[in-house]
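Input: a single structure, listed below in C-alpha cells.
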Amino acid sequence: MVGLGAWQWCLLQLLLMVVGVCGRGVLLQLNSPYNTLTIDPHTIHFTHTKGEAHVRWGLTLPEGIDGEPCGEGDACLDFGVAKVVVTTEEHCQKVSWVTTNLTELKDCVSLEGHWYGGGEQVFQPWPIEKEPRDETAFITADMLQNPSRWYGGLTEAYWISSIGVAVRVEETTPLFVSVPDYDDDTVADELCLAARQEQPYVAAPYSPLTLDYFLCSAEDVRKVHEASYPKFFSLPESVPDARMMEEPIWSTWAQYKTHVNVTRVMDFAREITNHGFNNSQVEIDDNWENCYGNAVFNPDRFPDPKAMVDQLHSEGFRVTLWIHPFINDNCEAFEYADQHGYFIKDSEGQTQKTHWWQGSSAGIIDFSNEEAVAWWSQRLLDLREKVGIDSFKFDAGEASWLPDVYTLSVDERFWPNAYTQKYIDTVSQFGGMIEARVGRGTQRHNIFIRMLDKDSIWGSRDGLRSLIPSLLHSGILGYPFVLPDMVGGNGYLGLKPGRQLFVRWAQANAFMPAIQFSLLPWDYDEEVTELSLEVTRLHSQMGPLLQHLAEEATTSVAPIARPTWWLCPDLESCLTADQQFLLGDDLLVVPVVEDGATTLKAVVPPGSWLQAGTDQVIEGPVTLSLDDITLESIVYFTRQSSNNV
C-alpha cells in the first residue's frame with residue numbers, strides 16, 4: 001500500500017466488497033460514506049446512521065442456486081440464470097437485476113416505519129401501509145374503472161419512509177407492485193417490486209428482463225426526500241395561473257353532467273355573480289361537442305358559441321372547455337384522423353380502437369406522433385382564436401386507456417407510461433391556466449393536476465376523508481399545484497351531498513392551492529351560501545401566500561401543502577396525521593371531516609402556534625382535543641414566528 005494517502009486508504013475501505021465471509025453468511029457487502037448494503041442469502045440489509053431497511057431479494061431464483069462474484073459495478077453476483085449488480089451513487093445504492101432466462105424478477109421491501117408515495121388510490125392511504133393491495137401493473141390508470149386493480153393517473157415509482165429510506169424504481173422496469181398483508185392485521189408488511197414482460201408492457205422481443213431500483217438514505221423522512229427527489233425528478237419550471245389560485249373555478253359538470261347548453265351556461269354564470277361569488281373561470285364540461293372528438297360545438301345546444309363566450313367575458317368570466325384524447329368512430333373527425341395515421345396503431349400500422357366512458361368504439365390520439373399532435377393541437381388553437389376560449393380542462397391521458405395492442409414512437413422500454421408523459425407534454429403548451437388529471441415524470445410543467453373524481457360521501461373511499469391524503473400524496477410526488485375535485489364531490493348516482501358535507505368540503509378546500517365549485521351553495525339555503533362565501537373570501541386572502549409557495553416550489557422540493565411530519569419527522573403522531581396539513585411551514589390546517597363532529601383532534605408541531613379566532617398560544621408538539629366545534633368552525637393555527645400570513 002506504499003504511496004496511498006490517508007484519504008485514499010479510507011476511500012478504498014469504503015468501497016471494499018466482502019465475499020463469502022465465513023460464519024456470517026454474507027455474500028457481499030458494499031460500504032459508502034452514507035450507508036452499508038449487505039447481502040446475505042435471503043435479505044438485503046440497507047444500513048445507515050439512523051436505521052436499517054430490509055429487502056427480501058431474488059425471490060424468483062431457483063432454490064439452492066449459488067451466486068459467483070463478477071466484475072461489474074461496485075459489487076456483483078452472477079447466478080447463471082440472473083445477475084445482480086450494485087453500484088453506489090452518492091447517498092443511494094442502485095440494485096440492478098438482469099436475466100434472459102427467468103420470466104420474473106422480484107424483490108420485496110419490508111415496510112418498517114411509515115411509508116409514503118407510489119400510486120394514487122381510491123382509498124388513498126397516508127401512510128401507505130394502511131391500505132394493503134394485491135399486485136397490479138404500475139401504470140397510470142383510471143382507478144375508478146377498477147379500484148381494486150388499478151392505481152390512478154398520478155403515479156410515480158417513488159416511496160419514502162420514516163426510517164429515512166427512499167425507494168425509486170427505474171422507468172425502464174416493467175413494474176408490477178403489490179403491498180401485501182401476511183398476518184391479516186389490515187396493515188401491509190411489504191412493498192413488493194416485480195418485473196415481468198407481459199401486458200400492458202410491450203418490450204422488444206427477446207430483450208433482457210430488468211429490475212432496477214435505488215435504495216437511498218438520510219436521517220429522517222424529510223431529509224431523505226430532500227436529498228433523493230432531485231436525483232430522480234425535476235421541479236416545476238414556472239408557476240401556474242395566479243387567478244386560479246385566488247378565485248374559485250366553476251364547472252358545469254357536477255351540477256348539469258352532460259345536459260349543458262347555452263342557456264344553462266349563461267344562467268349558471270349569472271347565478272354565480274348574483275349570489276356575490278367571484279370566479280377564476282367558468283368551465284364548460286362534458287358534451288359541448290356535436291360528436292365526441294370532433295372539437296366542434298353542437299349547433300343545437302350552442303348555436304353561437306362565440307357570442308356566448310363574448311358575453312361571458314363582458315360579465316367578468318374567463319371560459320374553459322373540457323377536452324379529451326378520444327374520437328368516437330361515428331364522428332366525422334374519426335375518418336380524417338384514421339386516414340392520416342393519427343391514432344394509436346399496431347406494429348403493422350393498423351388503427352387499434354379503444355373504449356371509454358363516452359364511447360364503446362373510439363380511436364385514441366397518438367401523442368408520440370408529432371403530426372398527430374400538431375393536428376390535434378391546432379383544433380384547440382382554432383377554438384381559442386375563433387370562439388375566444390381562454391383555456392382547457394384536459395381529461396383522461398392514462399395509459400390504461402390504450403388498446404391491448406399498441407405501438408408508440410418512443411423507446412419501447414418506457415411503454416406504456418410514456419403515453420401519459422407525451423400527453424402532458426402536449427397539453428402543457430396551452431399554458432398555466434390548464435388542468436389535467438395525470439402525471440408521470442411530468443413535474444416540470446406549470447399546470448394544475450386535478451384529483452380524480454371524488455364521491456359525495458364522508459368516508460375514505462374516494463370521499464371527503466380521502467381529500468387531504470390525496471393532497472399530500474400529490475405534493476410528495478412533486479406535483480404541488482393541486483386542483484381538488486369539486487366541492488361536495490360529483491353527486492354521482494343522484495347522491496347529492498348533504499348541507500353539512502358540502503360546507504365541510506368547502507372549508508377543507510379553503511387552504512388548498514385551488515378551489516372548484518359545481519354544485520351550487522344556494523341550492524341549499526342562505527346559511528350554506530354565506531358559509532361558502534366565507535370560504536371563498538378566506539381562500540382569496542390566502543392567495544398571496546399560495547403564490548409565494550408556488551414560486552418556492554420551483555426552487556425547492558417542499559410542497560405547497562405539506563404533511564405534518566415536515567416539521568416533526570421523528571414524532572409518531574406527526575407521521576400518522578392524515579386529516580390535517582401545513583400550508584408552508586407557518587400555517588397548520590385541521591379541517592372537520594366527520595359527520596356531526598363537535599370535537600376535533602389536532603396534532604400541533606413544535607413551536608408556538610396561535611389558533612385562529614382565539615388568543616390562545618399553544619406550545620407544540622402536542623395533540624389537542626378541541627371542543628365546541630360548530631358548522632362555522634374553520635380550524636387553523638399560525639406559527640408565531642411567521643411573517644408570511
What do you reckon, is CD of Glu315 surrounded by more than 12 foreign heavy atoms closer than 6.0 Å? yes

List the steps, then state whether side chain to side chain contact (heavy atoms under 4.5 Å, CB included) holds for Val405 with Gln350. CA-CA 10 Å; Val405 178; Gln350 297 298 311; over 6 Å; no

Non-hydrogen side-chain atoms of Asp425 and Phe367 separated by less than 4.5 Å: no

Taking C-beta and beyond as the side chain, do Phe511 and Met542 meet within less than 4.5 Å on heavy atoms? yes

Are any of the side-chain nitrogens in Glu398 or Arg437 under 4.0 Å away from the carboxylate oxygens of its partner? yes

Any residue meeting ring pair (Phe, Tyr, Trp, His ring centres under 6.0 Å) with Trp566, in chain and number order, not counting sequence neighbours: none

Show which side-chain atoms of residues 241-248 pair as donor or acceptor with protein atoms under 3.5 Å away, not counting sequence neighbours.
from, atom 1, to, atom 2, distance (Å)
Asp241, OD1, Arg318, NH1, 3.2
Asp241, OD2, Arg243, N, 3.3
Asp241, OD2, Met244, N, 3.0
Asp241, OD2, Arg318, NH1, 3.4
Asp241, OD2, Arg318, NH2, 2.7
Arg243, NE, Asn279, O, 3.1
Arg243, NE, Ser280, O, 3.4
Arg243, NH2, Asn279, O, 3.2
Arg243, NH2, Asn279, OD1, 3.2
Arg243, NH2, Gly316, O, 3.0
Glu246, OE2, Gln547, NE2, 2.5

Correct closest heavy-atom pair for Val438 and Ala396 would be CG1-O, 3.5 Å

Output, in order, the C-alpha distance, side-chain angles, deciding distance and verdict of salt bridge (charged side-chain N to carboxylate O under 4.0 Å, His left out) for Arg450 and Asp395. CA-CA 9 Å; Arg450 177 177 62 87; Asp395 217 339; 3.4 Å; yes

Does Leu312 reach the side chain of Val265, with side-chain heavy atoms less than 4.5 Å apart? yes

Tell me whether the guanidinium CZ or amine NZ of Lys306 lies under 6.0 angstrom from the six-membered ring centre of Phe297 and within 45° of its axis. no

Yes or no on side chain to side chain donor-acceptor pair (under 3.5 Å) for Glu156 and Gln443, after CA distance, side-chain angles and deciding distance? CA-CA 11 Å; Glu156 301 284 359; Gln443 293 91 340; 3.2 Å; yes

Can a donor-acceptor pair be found, under 3.5 Å and without considering hydrogens, that links the side chain of Asp586 to the backbone of Arg639? no

Taking ring pair (Phe, Tyr, Trp, His ring centres under 6.0 Å) as the test, write out the residues that go with Phe123, two or more places apart. none

Tell me the salt bridge (charged side-chain N to carboxylate O under 4.0 Å, His left out) pairs involving residues 372-383, sequence neighbours left out? none

Short side-chain to backbone donor-acceptor contact, Gln507 and Leu631, under 3.5 Å: yes

By the disulfide (SG to SG under 2.5 Å) test, which pairs, at least two apart or in different chains, include something from residues 244-293? Cys291-Cys331

Just grab all the side chain to side chain donor-acceptor pair (under 3.5 Å) pairs involving residues 509-522, residues at least two apart or on different chains. Glu271-Trp522

May I have all residue pairs that pass salt bridge (charged side-chain N to carboxylate O under 4.0 Å, His left out) and include part of residues 523-537, sequence neighbours excluded? Arg499-Asp525, Arg499-Glu527, Glu530-Arg537, Glu534-Arg537

What pairs with Tyr151 under ring pair (Phe, Tyr, Trp, His ring centres under 6.0 Å), at least two apart in sequence or on another chain? Phe138

Do other residues, nucleotides or ligands put more than 12 heavy atoms under 6.0 Å from Gln339 CD? yes

For Asp595 and Leu501, what are the C-alpha separation, side-chain angles and deciding distance, and is it a side chain to side chain contact (heavy atoms under 4.5 Å, CB included)? CA-CA 7 Å; Asp595 188 6; Leu501 176 58; over 6 Å; no

Might you point out which heavy atoms bring Val592 and Ala597 nearest each other, and give the distance in Å? CG1-CB, 3.8 Å

List the residues meeting ring pair (Phe, Tyr, Trp, His ring centres under 6.0 Å) with Tyr342, not counting sequence neighbours, and say none if there are none. His340, Trp375

Which atom of Ile139 lies closest to which atom of Pro416, heavy atoms considered: CG2-CG, 3.8 Å

Please report whether the ring centroid of Phe277 lies less than 6.0 Å from that of Trp250. yes

Do Thr630 and Glu632 pass the side chain to side chain donor-acceptor pair (under 3.5 Å) test, and can you show the C-alpha distance, the side-chain angles, and the key distance before you say yes or no? CA-CA 5 Å; Thr630 67; Glu632 294 79 14; 3.0 Å; yes

Under a 4.5 Å cut-off applied to non-hydrogen side-chain atoms, are Pro469 and Gln579 in contact? yes

Ring center gap for Trp401 and Tyr419 short of 6.0 angstrom: no

Pairs touching residues 258-269 that satisfy side chain to side chain donor-acceptor pair (under 3.5 Å), sequence neighbours left out: none

For the CD atom on Gln145, are there more than 12 heavy atoms of other groups (residues, nucleotides or ligands in this structure) within a distance under 6.0 Å? yes

Should Glu120 and Gln124 be marked as a side chain to side chain donor-acceptor pair (under 3.5 Å) after you check the CA-CA gap, both sets of side-chain angles, and the distance that decides it? CA-CA 7 Å; Glu120 182 182 9; Gln124 187 66 57; over 6 Å; no

Heavy-atom distance under 4.5 Å between the side chains of Ile449 and Ser474, does that happen here? no

How about Lys454: does its NZ atom have over 12 heavy atoms from other parts shown lying under 6.0 Å from it? yes

Distance check, rounded to the nearest 0.5 Å: Leu383 atom CG versus Ile389 atom CD1? 6.5 Å

Tell me the closest heavy-atom pair linking Ile424 and Ala436, and the distance in Å. CD1-CB, 3.7 Å

Once salt bridge (charged side-chain N to carboxylate O under 4.0 Å, His left out) is applied, what residue pairs with a partner in residues 272-293 remain, sequence neighbours excluded? Glu283-Lys393, Asp285-Lys393

Looking at Val528 and Pro521, what are the two nearest heavy atoms and their distance? CG1-O, 3.7 Å

Heavy-atom closest pair (Leu472 atom, Phe581 atom, distance to 0.1 Å) is CD2-CB, 3.9 Å

Hey, are the side chains of Phe326 and Ile364 touching, using non-hydrogen atoms and a 4.5 Å cut-off? yes

What do the steps show when you test Tyr479 against Thr442 for side chain to side chain contact (heavy atoms under 4.5 Å, CB included), and what is the final call? CA-CA 9 Å; Tyr479 298 90; Thr442 51; 3.4 Å; yes

Decide yes or no for Leu402 and Pro200: does some side-chain heavy atom of the first lie under 4.5 Å from some side-chain heavy atom of the second? no

Can you pull the salt bridge (charged side-chain N to carboxylate O under 4.0 Å, His left out) pairs that have at least one residue in residues 326-335, sequence neighbours excluded? Asp329-Lys353

Given His324, which partner from the list Phe394, Trp356, Trp357 fulfils the ring pair (Phe, Tyr, Trp, His ring centres under 6.0 Å) test? Trp356

Main chain of Glu552, side chain of Thr555: is a donor-acceptor contact present, judged purely on distance under 3.5 Å? yes

